[in-house]
Amino acid sequence: MFETLQSQPADKILALMAQYREDPRENKIDLGVGVYKDATGLTPVMRAIKTAEHKLWEEQDSKSYVGLVGDPAFGDAMVKLVLGDAVPRETVAAAATPGGTGAIRQAFELIQMARPDARVFLSNPTWPNHPSILKYLGMEIVEYRYFDDETRGVDFDGLIEDLKTAKKGDVVLLHGCCHNPTGANLNAAQWQDVIAVLLETGATPMVDIAYQGFGDGLEVDAAATRAVVSSVPECIIAASCSKNFGIYRERTGMLMVMSTDTSAKGLNQQTLAFLNRQNFSFPPDHGARLVTMILNDDVMRADWMSELEEIRTNMLGLRKSLAAELQRLSGSDRFGFLAEHRGMFSRLGTTPEMVEKLRVDAGIYMVGDSRMNIAGLNAQTVPILAKAIIDAGI
């Protein structure tokens, strides 16, 4: 049975984590793994999550299954959090999934069911799991230009030119905020241009929003997604609660399908339930239950929003500090993009050879494409990283 199996490529981030653990140097810095860390290097449990868990422990009287698409209250809470009042609730089908990755996998399978010949347009670069899942499913990928290695910003002209080659039946995957892995985002005017291209080509947008609240705030980070759904006839949204609620291991996500044709909601909802049934039957509930409790309780919600804002401003402060230290050491503003990027990640725009030099010479661990997790820094390590970057000649 198993002798025909072939070795699969190692996950680069997991391999990097292993290298980091084995490195005996005390001043090593981990900028690879994509989780938020506080100044002590801990990924903390948020206060509101602790409060909700204690309340749930006291009040929960059953661990029986929830529905195939999860608790309807979770769907309502997440649609409201992500989409606000951009579209009527009755236009949105929603299903709980095991994390944002589960939502993306279900979305791709939905696309494959609806349009077996659909091409999926991915930004270059994008989160590695996007192309990995698509390749596994045998779906066609088309890359569109996104990151400019020279400016460390968005290659917007290239992006628009490439998206114009999409057609009806194709899907364009967009990062709702805090682009992973680059940290470079579109501005409001650019989003409107993207929407115009989508309307012109008839391609269906799919928005991956995994970092709402990590960029410029909960509402601002959702603005692009809301602009898209309120402008197009159909849209797919994959949302994650891992980062903004800090519940990575609880695998809490939501897949939403919006259609302005309200008569389509029933079939869309039924299809999402079918896909869940084929994959994992009933979605996990613990994290979803906590999120629902927090979003529907004024006190817990206020505490969660306050702590989330602390996390966001901490990362923004680290960005500004790193950019300022690099400016001081280099005597130029060529690293100013670091303060302009948003979210956990930034891409330095350097070569894999330079990334390896940082690891060997200074114990700086980042992904080979030069993506670094800003949340892996603190006030003490910012100057160490800055000096290592300058010493490496980046």
Side-chain angles (χ1 to χ4, degrees), residues 34-38 42-67 69-86 89 92 94-103 176-178 207-223 225-226 237-256 282-315 343-344 375:
V35 298
Y36 174 78
K37 297 179 182 179
D38 62 17
L42 178 69
T43 302
V45 180
M46 297 182 79
R47 298 186 300 265
I49 291 291
K50 287 269 194 183
T51 301
E53 284 192 310
H54 185 77
K55 187 176 182 181
L56 184 64
W57 178 79
E58 289 182 325
E59 297 178 357
Q60 191 171 49
D61 56 10
S62 176
K63 291 288 187 183
S64 182
Y65 294 122
V66 292
V69 296
D71 181 4
F74 177 56
D76 290 341
M78 285 298 292
V79 170
K80 183 69 175 176
L81 178 68
V82 177
L83 302 184
D85 298 320
R89 177 67 181 89
V92 184
T97 59
T101 305
C177 63
C178 306
V207 181
D208 181 358
I209 181 164
Y211 300 95
Q212 185 182 356
F214 267 36
D216 292 302
L218 278 170
E219 295 300 302
V220 177
D221 289 349
T225 303
R226 294 173 184 178
I237 305 102
S240 171
C241 299
S242 294
K243 282 78 178 179
N244 53 11
F245 286 88
I247 49 175
Y248 300 85
R249 67 177 64 170
E250 305 300 349
R251 311 313 301 132
T252 306
M254 174 65 67
L255 176 60
M256 309 172 210
F282 303 93
D285 181 67
H286 185 75
R289 187 75 50 177
L290 300 177
V291 169
T292 306
M293 292 170 67
I294 290 169
L295 293 179
N296 290 327
D297 181 282
D298 290 344
V299 175
M300 284 194 287
R301 184 185 181 110
D303 190 31
W304 167 68
M305 290 176 66
S306 174
E307 187 167 6
L308 180 59
E309 183 65 6
E310 292 170 10
I311 290 171
R312 185 187 75 82
T313 55
N314 175 55
M315 288 189 292
M344 287 171 55

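Start at 1 with the first residue, then count along the sequence.
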Under the side-chain contact (heavy atoms from CB on, under 4.5 Å) criterion, do Arg226 and Glu219 qualify, and how do the steps go?
CA-CA 10 Å; Arg226 294 173 184 178; Glu219 295 300 302; 2.7 Å; yes
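A donor-acceptor pair under 3.5 Å is absent between the side-chain atoms of Thr97 and the main chain of Gly102, judged by distance alone. In this structure a side-chain-to-backbone donor-acceptor pair under 3.5 Å is missing from Ser240 to Gly253.
Taking Pro284 as the reference, Pro98 meet the side chain to side chain contact (heavy atoms under 4.5 Å, CB included) condition, with sequence neighbours excluded. With sequence neighbours excluded, no residue satisfies salt bridge (Lys or Arg N to Asp or Glu O under 4.0 Å) with Lys50. In this structure, the side chain to side chain contact (heavy atoms under 4.5 Å, CB included) partners of Ala52, at least two apart in sequence or on a different chain, are Leu290, Met293, Ile294, Met300. The side chain to side chain donor-acceptor pair (under 3.5 Å) check on Glu53 picks up His286, with sequence neighbours excluded. Under the side chain to side chain donor-acceptor pair (under 3.5 Å) criterion, Asn244 pairs with no residue, sequence neighbours left out. Partners of Asp61 by salt bridge (Lys or Arg N to Asp or Glu O under 4.0 Å), not counting sequence neighbours: none found. For Gln60, the side chain to side chain contact (heavy atoms under 4.5 Å, CB included) criterion is met by Leu56, Lys63, Asp285, not counting sequence neighbours.
Residues Pro44 and Lys37 fail the side-chain proximity criterion, which asks for heavy atoms closer than 4.5 Å. Two residues are said to be in side-chain contact when any heavy atoms from C-beta on lie closer than 4.5 Å; Phe245 and Leu308 fail this criterion. The side-chain heavy atoms of Val82 and Val207, taken from C-beta on, include no pair separated by under 4.5 Å. You'll find the side chain of Met78 reaches within 4.5 Å of the side chain of Leu81, heavy atoms only.
Judged as a salt bridge (charged side-chain N to carboxylate O under 4.0 Å, His left out), the pairs with a partner in residues 209-218 (not counting sequence neighbours) are, in order, Asp216-Arg342. Applying the salt bridge (charged side-chain N to carboxylate O under 4.0 Å, His left out) definition to pairs two or more places apart or across chains, those involving residues 71-83 are Asp71-Arg289, Asp76-Arg89, Lys80-Asp85. For residues 297-306, the side-chain hydrogen bond (donor to acceptor under 3.5 Å, both in side chains) pairs, not counting sequence neighbours, are Arg47-Asp303.
Summarising the geometry of Val69 relative to Pro283, their closest heavy-atom pair is C-CG, 4.1 Å, with the distance given to 0.1 Å. Residues Ala222 and Gln212 come closest through the heavy atom pair CB-NE2, 3.5 Å. Taking all atoms of both residues into account, the shortest heavy-atom contact from Phe282 to Val66 is CD2-O, 2.7 Å. The heavy-atom pair separating Asp221 from Tyr211 by the smallest distance is OD2-O, 3.7 Å. Across all their heavy atoms, Ala239 and Met256 have their closest contact at CB-CE, 4.1 Å. Scanning all heavy atoms of the two residues, the minimum distance from Phe214 to Met315 falls at CD2-CE, 3.3 Å.
Interatomic distance, Ile247 CD1 to Thr43 OG1, rounded to the nearest 0.5 Å: 13.5 Å. Put simply, OH on Tyr36 and NZ on Lys243 are 14.5 Å apart, with the number rounded to the nearest 0.5 Å.
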